[in-house]
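Below is one structure, written out as structure tokens, with a few remarks after it.
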Amino acid sequence: MPLVVRDEIERLVQEAVHRAQEGGLIPPVAPPPSTVERPQRPDHGDYASNIALRLARAVGLPPHEVAKIIASHLPSSPMISSVEVASPGFLNFRLSPSWLASQIDEVLKAGERFGQLGIGQGQKVQVEFVSANPTGPLTVGAGRGLAIGDCLARVLQAAGYEVEKEYYINDAGTQTDTFAATLYARYRQLFGENVDVPPGAYTGEYMWDLAEEIRQEWKDRFLGFSEGPYPPQLQEIGISKMLQRIKADLALTGVHYDSWFSERSLYPDTFERAMAILKEEGYVAQKEGAIWFVSSALGEDKDNVLIRSNGRPTYFASDIAYHYHKFFVRGYDKVIDIWGADHKGHVPRMKAAVSALGIDPERLVIIIHQLVTLKRGGEEVRVSKRAGEVITLREVVEEVGADAARFFFLSRAPHTHMDFDLELAKRQSAENPVYYVQYAHARMAGILMHARGRGLDYADGDVSLLKEEAEMAVARHLLRLPEVVEYVARKLEPHVLPYYALEMATAFHDFYERCRVVSEDVQLSRARLRLVAAAKLVLAQCLHLMGMSAPERM
RNA sequence: GCCCCCGUAGCUCAGUUGGAUAGAGCGCCGGCCUCCGGAGCCGGAGACCGUGGGUUCGAGUCCCACCGGGGGUACCA
């Protein structure tokens, strides 16, 4: 079974320190837990450890000395061909070419299991993402949350967690009221009535479309309603139609949710139970005619309203009930919420609420992704569901394709601000990194197909014939997949995947130029075909983790 | 005002609990098609890492101040 190379080297280093300490050459101080990294420069080896530099002061020896001692105590390993001590005290490791080649067989043997890890130990994790209100179409911002959330879910699953993806439907609360009131106004306006839209109305074009659709299906059925600002049934219809559109948009990008959770379903039972716990724990107070969560008792700056003076619960109160349901009713070990930066202010009080419910707040991980600045030919476009211009996710996906959109959203670290220039995305679509990566996969498929056409069977190819540097470079990159999965699962930063895919593709394209795969030398051809097959497997896995397709031809 | 995020090549972005000469894509300049897919490959130009201090063997990375951009600070979600 292939292993995580970096972890294995770390293990060797720790073992060497242990041995040196037993031999009395290094004082028994605790070594730092993790020191192995991939150096930037190739002449510094494939992996490097700075353990000697970090240990030097504690043990009172020059770093270079410490490095030499550790190097001389390293257990031998078939994986490593050389270890160098470099100033000021690095240990540089080089992977053995024959070991690298042998791993190609291991990758092929593992097949789709390659890159799957057991670090999750079957823990139940929920990833909740997008969860945009069903009051308007999904925007590009939702696309970023979608790409990150779906990718993390896939990676966590590969890392050995039991993962569920969820969309939270905000079908209760004041925004849905405003939505319904706006919809009703539009509907009446279609019949020629002279009415105004409510304050804070949703003024997007789609509200007219929705109203028109309803007019055609229900005729004048809702006219003349007077028991409230809008007919409840009209709200139902509107939300359900909006939700259908959202689901269609999501389908366009290939996301599959395991569950759709309705805010309304929290009422009344779940909501009551969650509030009861807060009350029992003494975190609820009444003042100024409203009911408050006393988050100041948990170190927050201020308290937050749970139930408004008009008797209606706030979004925050709903969200507490929702998280109560996640942890207590459904029993997730860990919950990951992916929110846009416009929800940032909600994070501390949500954490406080979770701990007030008696849950270790560490079990709730909230990933905030910064907002997407939309541009058109360099000019900024403001995005607001309530204001006029909205660039929808659908619009973007239809223009650049789901794969490209995902790759693009994933390539930026969640906490960075991101520019999305529609013109640029369109213009670059022919010379895009997305195509570069997918082309590599198609090329691999093409070679394997070509070999099949020639009747070349590589099942028993001998990988030990592979010695070229370009071949080794491909092998080295292949073996990093588990490392990448581990990293993303641990840090929850999916953007390293696109970069890895790019490096993988580059290594392969370079290999392709330098090493003819199918040649007169049948034995060498078979060996190289195995390398190509392994590379194809790994690149496909990588694309799959990003939620992208791995085309056999383009 | 206070809190959070960002500022790295012309543009968009990487840079792994502080590591060795700061990287990639696009764009630009110059090369490579007898041969498995040229949506490719090779080479080149292009960065005083926003500014100024500090911490130490070592700072793009940590601390402080400032400048610029974004977000939050609701009985909105």
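Predicted, not measured: the structure shown is a model, and the values here were computed from it.
- Residue His343(A) places its side chain closer to rA77(B) than to any other of rA77(B), rG71(B), rU56(B).
- When each of rA39(B), rC36(B), rA20(B) is scored by its nearest atom to the side-chain atoms of Pro39(A), the top-ranked nucleotide is rA20(B).
- Checked against rC5(B), rA77(B), rG37(B), the side chain of Ala442(A) finds its nearest nucleotide in rG37(B).
- Both Arg54(A) and Asp510(A) lie near RNA chain B, and the one whose nearest nucleotide falls closer to the 5' end is Arg54(A).
- For rG52(B) and rG7(B), the C1' atoms lie 16 Å apart once the distance is rounded to whole Å.
- Nucleic acid contact for His415(A): sugar-phosphate only, since backbone atoms but no base atoms lie under 4.0 Å from a heavy atom of the residue.
- Counting distance only, with no hydrogens placed and no angle test, the side-chain atoms of Asn50(A) and the base atoms of rG19(B) include a donor-acceptor pair under 3.5 Å.
- Using a 4.0 Å heavy-atom criterion, one finds that Ala341(A) contacts the sugar-phosphate atoms exclusively.
- Residue contacts for Tyr512(A): at a heavy-atom cut-off of 4.0 Å it reaches a base atom on one of the strands shown.
- Residue contacts shown for Arg312(A) are absent, as no nucleic acid heavy atom lies under 4.0 Å away.
- Between rC35(B), rC5(B), rA77(B), one nucleotide has an atom nearer to the side chain of Lys344(A) than all others, and that is rC5(B).
- Under 3.5 Å, the side chain of His417(A) and the base of rG69(B) form at least one donor-acceptor pair of N or O atoms.
- For Ser309(A), the side-chain atoms get nearest to rC75(B) when compared with the rest of rC75(B), rC13(B), rA20(B).
- Annotation: rC66(B) and rG72(B) have their P atoms spaced 23 Å apart (nearest Å).
- Out of rG23(B), rC36(B), rU12(B), the shortest distance to the side chain of Arg412(A) is found at rU12(B).
- Judged by a 6.0 Å distance limit and a 45° cone about the ring axis, Arg349(A) is not positioned over the six-membered ring of Phe293(A).
- When heavy atoms are screened at a 4.0 angstrom cut-off, Asn92(A) is found touching base atoms of the nucleic acid.
- When both pairing distances are held under 3.5 Å, rG25(B) makes a Watson-Crick or G-U pair with rC11(B).
- Contact record, Phe90(A) with Ser87(A): CD1-O, 4.0 Å, taken as the closest heavy-atom pair.
- A distance of about 12 Å separates the C1' atoms of rG60(B) and rA14(B), rounded to the whole Å.
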Taking only N/O atoms, report every protein-nucleotides 31-34 of chain B pair under 3.5 Å with atom names and distance.
none

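- Met418(A) comes within 4.0 angstrom of sugar-phosphate atoms only, judged by non-hydrogen atoms across all strands, and of no base.
- rA45(B) and rC64(B) have their P atoms separated by 39 Å, given to the nearest Å.
- Residue Ala451(A) is out of contact with every strand shown, counting any heavy-atom pair closer than 4.0 Å.
- Checked against rA74(B), rA20(B), rU12(B), the side chain of Phe90(A) finds its nearest nucleotide in rA20(B).
- Base orientation of rC41(B): anti, since the glycosidic angle falls outside 90° of 0.
- Checked by atom type and distance alone, the side chain of Gln14(A) pairs as donor or acceptor with a backbone atom of Pro32(A) at under 3.5 Å.
- rC49(B) and rU8(B): their C1' atoms are spaced 4 Å apart (whole Å).
- For the ring-ring contact (aromatic ring centres under 6.0 Å, His included) with Tyr322(A), the qualifying choice from Tyr315(A), Tyr267(A), Phe271(A), Tyr168(A) is Tyr168(A), the only one to do so.
- Checking Leu91(A) against His450(A), the closest nucleotide of RNA chain B that is more toward the 5' end is the one next to Leu91(A).
- The cationic atom of Lys344(A) (NZ for Lys, CZ for Arg) does not lie both less than 6.0 Å from the six-membered ring centre of Trp339(A) and within 45° of the ring axis.
- Taking the ring centre of Tyr512(A) as origin, the terminal cationic atom of Arg516(A) falls outside the region bounded by 6.0 Å and 45° from the ring axis.
- Residue contacts shown for Ala440(A) are absent, as no nucleic acid heavy atom lies under 4.0 Å away.
- Remark: rA45(B) base-pairs with no nucleotide; criterion is Watson-Crick or G-U wobble with both hydrogen-bond distances under 3.5 Å.
- Base engagement by Leu53(A) is indicated by at least one non-hydrogen atom pair under 4.0 Å involving a base atom.
- The stretch residues 490-506 of chain A touches RNA chain B through His495(A), Tyr499(A), each having a heavy atom under 4.0 angstrom from the strand.
- Between rU55(B) and rC13(B), the two C1' atoms lie 30 Å apart (nearest whole Å).
- Comparing rG72(B), rA22(B), rU16(B) by their closest approach to the side chain of Arg38(A) singles out rU16(B).
- Closest to the Arg443(A) side chain, of the nucleotides rG71(B), rG37(B), rA14(B), is rG37(B).
- Between rA9(B) and rU51(B), the two P atoms lie 11 Å apart (nearest whole Å).
- Note on Ala48(A): a base of the nucleic acid sits closer than 4.0 angstrom, heavy atoms only.
- Between the C1' atoms of rU56(B) and rC63(B), the separation comes to 13 Å (whole Å).
- Residue Glu288(A) is in base contact, counting any heavy-atom pair closer than 4.0 Å across all strands shown.
- Closest to the side chain of Phe408(A), from the set rA20(B), rC41(B), rU12(B), is rU12(B).
- Contact between Leu183(A) and Gly238(A) at its shortest, heavy atoms only, is CD2-CA, 3.7 Å.
- Contact between Ala181(A) and Tyr230(A) at its shortest, heavy atoms only, is N-CD2, 3.8 Å.
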